[in-house]
Amino acid sequence: MGVSIWQGLLSRDALAAHLIVGLAVLSAFAAAIIGGHRRQQQSTRAWRSTWSSWRTRSAPIKASILAWAVLLGGTVAWDLVSFVKQSHTFPTLSYFIGHITKHEAGRGALFALWLALGAYFALGTRTKTEHGPR
Amino acid sequence: MVVGAIIWLALAIGTLAWATVLTFARGTVLSVRAVAQWLLSAWFPRILVLSAWAVAGWHVFCQRP
């Protein structure tokens, strides 16, 4: 919480802002590796095989996979197009996020959300007990 | 409103519509939680997701926005 407030008071050019973000990233990867050792739900090979299993799913599941793909893929693709165009007619997602981060409270709140997401990505869905080598 | 903003608005409306479907069709469609669990169930996708998170954070808090 305190780090988020501090980050909110910093500008994007501040060395402290860069160091805080860098430290958070390193901590997240370290936590993922240490906390996730022998605690992944499945191997990467097993995960890869789930890509082909979508054909055997029910119609609502197939439709939801398509919906997710369109939403996520569309967002990434359109942001890339806007980034390449570099025009005021094609604002990027960063442009809209910038309207939030230009305010101290917005920047701090967004940083807190980013930290929380990082913690979940690093340590979420691990198995409760250790198992064999993965 | 510029062209790009209209596309973003359409994406936002689509996201809201999908969030509504997820709220009322629990158990029959892939929820946010199910997608997250799938993405974090193995080392490779977890590292990919963390890398994307790291790049996004660097871009938002240390660069243009």
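In the text below, chain A, chain B and the rest are named by the order of the sequence lines, each starting its count at 1.
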Using a 3.5 Å distance criterion without hydrogens, assess whether the side chain of Arg46(B) forms a donor-acceptor pair with backbone atoms of Phe121(A). yes
Could you check which of Ala36(B), Gly57(B), Ala54(B) has the highest count of heavy-atom pairs closer than 4.5 Å to chain A? Gly57(B)
Just by distance, no angles: are the side chains of Gln37(B) and Thr125(A) close enough, under 3.5 Å, to form a donor-acceptor pair? no
Interchain contact, Ser51(B) with chain A, by part (heavy-atom threshold 4.5 Å): both
According to a 4.5 Å side-chain heavy-atom criterion applied to Ile, Leu, Val, Met, Phe, Trp and Tyr, with indirect links allowed, do Ile61(A) and Trp51(A) form part of one hydrophobic cluster? yes
Mind checking whether Val70(A) and Leu9(B) sit in one hydrophobic cluster, side chains of I, L, V, M, F, W, Y counted as touching below 4.5 Å? no
Phe96(A) atom CZ, neighbour heavy-atom count above 12 within 6.0 Å: yes
Please classify the contact of Ser82(A) with chain B as side chain, backbone, both or neither, using a heavy-atom distance under 4.5 Å. side chain
Should Val25(A) and Val3(A) be regarded as members of a common hydrophobic cluster, given that ILVMFWY residues are connected when their side-chain heavy atoms come within less than 4.5 Å of each other, either directly or indirectly? yes
Would you check if the side chain of Trp47(A) reaches a backbone N or O of Trp38(B) as a donor-acceptor pair within less than 3.5 Å? yes
Can you tell me how far CG of Leu30(B) sits from CG of Leu66(A), rounded to the nearest 0.5 angstrom? 11.5 Å
For chain B, find which of Gly118(A), Ala67(A), Gly74(A) contributes the most heavy-atom pairs closer than 4.5 angstrom. Gly118(A)
Contact origin within Trp18(B) toward chain A - heavy atom pairs under 4.5 Å: side chain
Looking only at Ala25(B), Ser41(B), Gly4(B), the option with the highest number of non-hydrogen pairs under 4.5 Å against chain A is Ser41(B)
If two hydrophobic side chains count as joined below 4.5 Å and joins carry through other members, does Leu117(A) share a cluster with Trp58(B)? yes
Here the gap from Phe61(B) atom CZ to His18(A) atom NE2, rounded to the nearest 0.5 Å, amounts to 12.0 Å
Most heavy-atom pairs under 4.5 Å with chain B, out of Gly36(A), Ala14(A), Ala17(A), belong to Gly36(A)
Quick check on the interface: out of Val21(A), Thr89(A), Ile100(A), who has the most heavy-atom pairs with chain B under 4.5 Å? Thr89(A)
Answer whether the closest heavy-atom distance between the side chains of Val60(B) and Ser94(A) falls below 4.5 Å. no
Check whether Arg45(A) gets within reach of chain B through its side chain, its backbone, both or neither, counting any heavy atom under 4.5 Å. neither
Where is the tightest heavy-atom contact between Gln40(A) and Ala42(B), given as atom of each residue plus distance? OE1-C, 3.7 Å
Rounded to the nearest 0.5 Å, how far does OG1 of Thr75(A) lie from CD1 of Ile7(B)? 11.5 Å
Where is the tightest heavy-atom contact between Leu11(B) and Trp78(A), given as atom of each residue plus distance? CD1-CB, 4.2 Å
Does any heavy atom of chain B fall under 4.5 Å from the side chain of Leu72(A), the backbone, both, or neither of them? neither
Going through the checks in order, is the side-chain contact (heavy atoms from CB on, under 4.5 Å) test met by Ser43(A) and Trp43(B)? CA-CA 7 Å; Ser43(A) 67; Trp43(B) 274 121; over 6 Å; no
Cluster link Phe44(B) to Leu39(B), ILVMFWY, side chain under 4.5 Å: yes
So which part of Leu22(B) gets closer than 4.5 Å to some heavy atom of chain A, the side chain, the backbone, both or neither? side chain
Can you see which heavy atom on Pro91(A) is nearest to which on Val2(B), and at what distance? CD-CG2, 4.0 Å
Tell me, for Ile20(A) versus chain B, whether the close heavy atoms (under 4.5 Å) come from the side chain, the backbone, both or neither. neither
Are Tyr120(A) and Val49(B) close enough, and set up right, to give a side-chain contact (heavy atoms from CB on, under 4.5 Å), and what steps lead you there? CA-CA 11 Å; Tyr120(A) 181 66; Val49(B) 167; over 6 Å; no
If you look at every heavy atom in Leu71(A) and Gly14(B), which pair is closest and at what distance? CD2-C, 4.0 Å
Is any residue of residues 109-116 of chain A within less than 4.5 Å of chain B by heavy atoms, and which ones? Leu110(A), Phe111(A), Trp114(A)
Trp68(A) to Val32(B) - nearest heavy-atom pair and separation: CH2-CG2, 3.6 Å
